**Student:** 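Next up is a structure, given as structure tokens.
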Amino acid sequence: MVYPGKDGSAAARLRLKVMREAFQDKHALDTLEQLAGRETVVALIQKHLEKICFPTILLNQKN
């Protein structure tokens, strides 16, 4: 579904913007994992995002 923007062009939906940012974050974390290792990435997530709850199973699986 597309909504018209103020100038008549298609307006990007918030859900699409959030999904695009999530894919960009995933790509950045995958790149960091390749460079620094999974343990480093998990440690950084746990250190800086303490308020977000990641199930342990997600942190321990290898995609």
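All values reported here derive from a predicted model rather than from experimental measurement.
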**Student:** Taking side chain as C-beta onward, heavy atoms only, is L44 less than 4.5 Å from L29?
**Tutor:**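 No, their side chains stay 4.5 Å or more apart.
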
**Student:** What is the distance from atom CE of M19 to atom CD of Q24, rounded to the nearest 0.5 Å?
**Tutor:**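 So the gap between those two atoms works out to 12.0 Å.
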
**Student:** Among L32, T31, L35, which residue satisfies the side chain to side chain contact (heavy atoms under 4.5 Å, CB included) criterion with V41?
**Tutor:**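 Output: one option passes, namely L32.
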
**Student:** Taking only residues two or more places apart in sequence or in another chain, which ones pass side-chain hydrogen bond (donor to acceptor under 3.5 Å, both in side chains) with D7?
**Tutor:**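 Counting only residues at least two positions away or on another chain, D7 forms a side-chain hydrogen bond (donor to acceptor under 3.5 Å, both in side chains) with S9.
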
**Student:** Return the NZ to OG1 distance between K47 and T40, rounded to the nearest 0.5 Å.
**Tutor:**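 Rounded to the nearest 0.5 Å, the NZ-OG1 separation comes to 12.0 Å.
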
